[in-house]
Amino acid sequence: MKKHIIKALCCTLLALPALTSCELDQFPSDSLTDEESWKSYTDATNQYNGLMAQLRSDVGGANAYISDVMTDLFNQRMTSMTLQKEHTWSFTGSDFSGDVIYANNYSVVLQANYILNNIDRVENGTTQLTAMQQANLDNIKASAYFARAYAYSNLVTRYCKDYEPETAAQELGLPIVQTVSSEARPERATLQATCDSIEKDMDRAQLYFDKVDQYNATLTGSNASTKAINTDIYHPNASALTALRARFYLYEHRFDEAINEAYIIVGDYPLATGLDQVQDLWLFDSASEIIYEPEQTQDEITNTYGIYLTFNITTQNLETYLNGMSPDFLPTQGLVNLYESDDYRRKVYFSHKYSGYNSFYVSLESGGRYGVVELVQMGYPADIAGTNGKTEDGVIFTKFSGNAMLRKQGLWYSEIYNMSKAFRSAEAYLIIAEASLRKAAPDEAEARDMLNQLREARGASPIADDVTGDALVKEMQDEWTREFVGEGFRLDCLKRWHQGFKRLTPQRFNNPVLVNVNGYQNLQIDANDKRFVWPIPQQDMQANPNLKQNEGY
């Protein structure tokens, strides 16, 4: 992990608000010392901007799709070379694309540590702070503690065994890093100690978010809004912390506590309802159920989902044409079949054959207003490209079709970016449903009610009262899949449920489209497969002799 610490430290020392990447193999010779870079209130806000950039890179994109293409939900297209080892579960400790997730999350940890280790220099400096400045520093602290807890909660689900209360104190956890040092070579703590550290960070974040709320509550008058500390959905906030607690308590088998936290979210963030609102949620990153999505702009974009959506574009006589779609991965037919025909998610998450064309949403409307039209109305076919130069009818995963407001060029086939959602209230409904079924005294009525509220909002039919026991558990599990496909939840859910899988029925084509050799379409994984626990990156193992690798790598 030493190399990842150095990488993150390099970025934090630069303290650039718009930072998205940097050369990370060594310290820059002109780096600022802590004494030089932490002199003023502005220095603290610059470091906060750097933390927001790190969080933006840590939500969605590869952080979500690497795990999802490992599961039963997608098939690889024949001409794709992307994530083959992950898709076939043949990766090794020295050859694994998931290393980027380890690096991203520890970069967040190190940026948060850099803030928490130094922000007191500003608070205790010679310059008198205004009440608004002090409240903003409290918000920066809260966000740093939240970010560290968020990053560790991501890491613990992927790089440690599933949490079981009876054995967590004996299982390997993660290196707990709370300082910034290029010489750090920490050992792995136990899983229980790692989770306890996450809990402490969430408590500290709550303390400072409460201070922000107290300050905002004191503001009155016409200019109150200009002095309030921003707690919108584009930045970490108290509601995001509540959502993180609900998610984490479910992971720790603290089912009643998970339910209590999730109900707070249910009360504050109504679900998107109706086809238009569900479309807006994904096409324009706008809906009442979004709790936290790191802000992106045309100049600050990250984490595309191009593996699910790629256009074959040709130009003839200065005219641009779409000659089929060529994503790396296509949804299985079994996944598509999980949705009822009237389910809004089926219509938004997937393209479907319609009047000789595949429906697909783009952002062009007369009058310069962004809206929703179909490629069929533009006269562009959107079939799937095969290996023989022909296109095939099929279904494409279009959940992340790109927010038009993020397209600097304004071209419907370019810059396919969405603001990835770290938390939205749909998860709270599923947390309540699952926790209600898994707690010591299961409450099937509560679980069914929460599932049906979510299904109603999505246009699906209710689960009947006579669906009980294992059948109701299966409905809960399938609803996790229907709602969060593509967002990186499926592998974590299977691991939490101690379930293996067999890849679902693929789409059928007349000509070659999908890879169809052993280990792809017919992949079957046992619940105890070692690769449910990801390997600690090899470069960290080499740099830090105190680390212990996960079993089997």
State whether a side-chain donor-acceptor pair under 3.5 Å links [X] with [Y].
X: Arg490; Y: Thr481; result: yes
X: Ser326; Y: Asn312; result: yes
X: Ser90; Y: Thr88; result: yes
X: Gln192; Y: Asp196; result: yes
X: Arg188; Y: Asn544; result: no
X: Glu392; Y: Gln507; result: no
X: Glu434; Y: Gln477; result: no
X: Gln54; Y: Asp58; result: no
X: Tyr305; Y: Glu487; result: no

Kindly give the heavy-atom pair with the smallest separation between [X] and [Y], and that separation in Å.
X: Leu309; Y: Ile396; answer: CD1-CG2, 4.3 Å
X: Ala426; Y: Glu289; answer: CB-OE2, 3.8 Å
X: Leu191; Y: Cys160; answer: CD1-CB, 4.0 Å
X: Pro294; Y: Ser420; answer: CD-O, 3.4 Å
X: Ala149; Y: Met202; answer: CB-CG, 3.8 Å
X: Leu51; Y: Ala147; answer: CD1-CB, 3.9 Å

Q. So, Tyr152 versus Tyr106, ring centres under 6.0 angstrom or not?
A.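 Distance test on ring centres: under 6.0 Å, yes.
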Q) Does Phe74 have its ring centroid less than 6.0 Å away from the ring centroid of Phe329? A)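 No, too far apart.
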Check this for me: does any side-chain nitrogen of one of [X] and [Y] sit under 4.0 Å from a carboxylate oxygen of the other?
X: Asp478; Y: Lys474; value: yes
X: Lys421; Y: Glu427; value: no
X: Lys200; Y: Asp203; value: no
X: Arg424; Y: Glu483; value: yes

Using 0.5 Å steps for rounding, measure from the [atom1] atom of [X] to the [atom2] atom of [Y].
X: Ser181; Y: Asn113; atom1: OG; atom2: CG; result: 11.0 Å
X: Leu137; Y: Asp120; atom1: CG; atom2: CG; result: 9.5 Å
X: His87; Y: Gln76; atom1: NE2; atom2: CD; result: 5.5 Å
X: Tyr417; Y: Ile301; atom1: OH; atom2: CD1; result: 4.0 Å
X: Tyr48; Y: Thr42; atom1: OH; atom2: OG1; result: 15.0 Å
X: Ser197; Y: Ile176; atom1: OG; atom2: CD1; result: 4.5 Å

Q | Steps toward salt bridge (charged side-chain N to carboxylate O under 4.0 Å, His left out) verdict (Glu479, Arg345) | A | CA-CA 11 Å; Glu479 204 59 37; Arg345 295 169 296 192; 2.7 Å; yes
In terms of ring plane angle, is the pair [X] and [Y] parallel, tilted or perpendicular, where the classes change at 30° and 60°?
X: Trp89; Y: Phe91; value: tilted
X: Tyr349; Y: Tyr339; value: perpendicular
X: Tyr308; Y: Tyr65; value: perpendicular
X: Tyr102; Y: Tyr159; value: perpendicular

(Q) Using a 3.5 Å distance criterion without hydrogens, assess whether the side chain of Asn63 forms a donor-acceptor pair with backbone atoms of Ser57. (A)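 Present.
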Q. Between Phe484 and Leu430, is any pair of side-chain heavy atoms under 4.5 Å apart?
A.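 Yes; the side chains approach each other to less than 4.5 Å.
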**Q.** Passing option when Arg56 is tested against Glu295, Glu293, Glu300 for salt bridge (charged side-chain N to carboxylate O under 4.0 Å, His left out)
**A.**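 The option that passes is Glu300.
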Q) Hey, which of Glu551, Lys161, Lys548 is the one that makes side-chain contact (heavy atoms from CB on, under 4.5 Å) with Leu172? A)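 Output: one option passes, namely Lys548.
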(Q) Does the Lys NZ or Arg CZ of Lys530 fall within the cation-pi geometry relative to Tyr553 - under 6.0 Å from the ring centre and within 45° of the axis? (A)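 So Lys530 does make the cation-pi contact.
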